[in-house]
Amino acid sequence: AQKVTQAQTEISVVEKEDVTLDCVYETRDTTYYLFWYKQPPSGELVFLIRRNSFDEQNEISGRYSWNFQKSTSSFNFTITASQVVDSAVYFCALIRGETSGSRLTFGEGTQLTVNP
Amino acid sequence: KAGVTQTPRYLIKTRGQQVTLSCSPISGHRSVSWYQQTPGQGLQFLFEYFSETQRNKGNFPGRFSGRQFSNSRSEMNVSTLELGDSALYLCASGHPTGNRYEQYFGPGTRLTVT
């Protein structure tokens, strides 16, 4: 069975600090997809990034960057120069292989609070 | 392009009643998945529909059911409501062809069972 672990339940930082959200996953599949979603207080899950298991290239999008390391089964998310608007719950998730449809297995989520 | 819409946004029901939630996916998306979010259990997968067929089902009792229509709109039904069914129910639409597994979520329906 697959599992996603986000060990950090809550993180609090001051605006402009950099912050890294950790994600560790377990799966026996060789093909899988990893995701990060943001859930602001409104409740809607906002898609941030998808990575497939064959692409370990790190990605940067503005202030966001992701570090995917298969050797440690980790897919960490860094926000550079955090802003108050980044305050939300962030979820890491996984989809197995090619045949499991779109079933997402989520981590427990990390509540990020960015203080002014 | 319009996003995923869910109706109603809020619902209050009494134990023992049944409820139907609706989800309209993004135009052109054929996959609809449902998730339950509670403080204790987090985000849990309920079921997924693709082209009117249930493709995946999570570990929920038979009181939870769903269906998808030919226009890809989906409904989920919970019968004989229990207090523990109080949750945010999220719907996601996607078009998982090739390497695309991006799913887009609606705002959710917050169900309160009293």
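Model, not experiment: these values are computed from the prediction. Every chain is numbered from 1, with letters handed out A, B, ... down the list of sequences.
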Taking side chain as everything from C-beta outward and backbone as N, CA, C, O, which of these in B:Gln37 sits under 4.5 Å from a heavy atom of chain A? Side chain, backbone, both or neither.
side chain
Considering residues, nucleotides and ligands other than B:Arg63, do more than 12 of their heavy atoms fall under 6.0 Å from its CZ?
yes
Could you check whether atom CD1 of A:Ile60 has more than 12 heavy atoms from other residues, nucleotides or ligands sitting under 6.0 Å from it?
no
Between A:Phe106 and B:Phe45, is the ring centroid distance below 6.0 Å?
no
Examine whether an atom of B:Leu88 lies under 4.5 Å from a heavy atom of chain A, and if so say whether it belongs to the side chain, the backbone or both; otherwise answer neither.
side chain
Do B:Leu21 and B:Leu46 belong to the same hydrophobic cluster, where Ile, Leu, Val, Met, Phe, Trp and Tyr are linked whenever their side-chain heavy atoms lie under 4.5 Å apart, directly or via other members?
yes
Are the side chain of B:Tyr104 and the backbone N or O of A:Leu45 linked by a donor-acceptor pair below 3.5 Å?
no
Who wins among A:Val46, A:Leu104, A:Thr105 for the most heavy-atom pairs under 4.5 Å with chain B?
A:Leu104
State, yes or no, whether a side-chain contact exists between A:Glu44 and B:Leu90 at a heavy-atom distance under 4.5 Å.
no
Do B:Phe105 and A:Tyr37 have ring centroids that are under 6.0 Å from one another?
yes
With a 6.0 Å cut-off (strictly less than), is the heavy-atom count around CZ of B:Arg110, excluding the residue itself, greater than 12?
no
Evaluate whether atom NZ of A:Lys3 has more than 12 neighbouring non-hydrogen atoms of other residues, nucleotides or ligands under 6.0 angstrom away.
no
Is it the case that more than 12 heavy atoms not belonging to B:Asn59 sit under 6.0 Å from its CG atom?
no
The interface call for B:Phe47 against chain A, heavy-atom contacts under 4.5 Å, is neither
Minimum heavy-atom separation for A:Arg103 and B:Lys57, please, with both atom names.
NH1-O, 3.3 Å
B:Tyr10 atom OH: more than 12 heavy-atom contacts under 6.0 Å
no
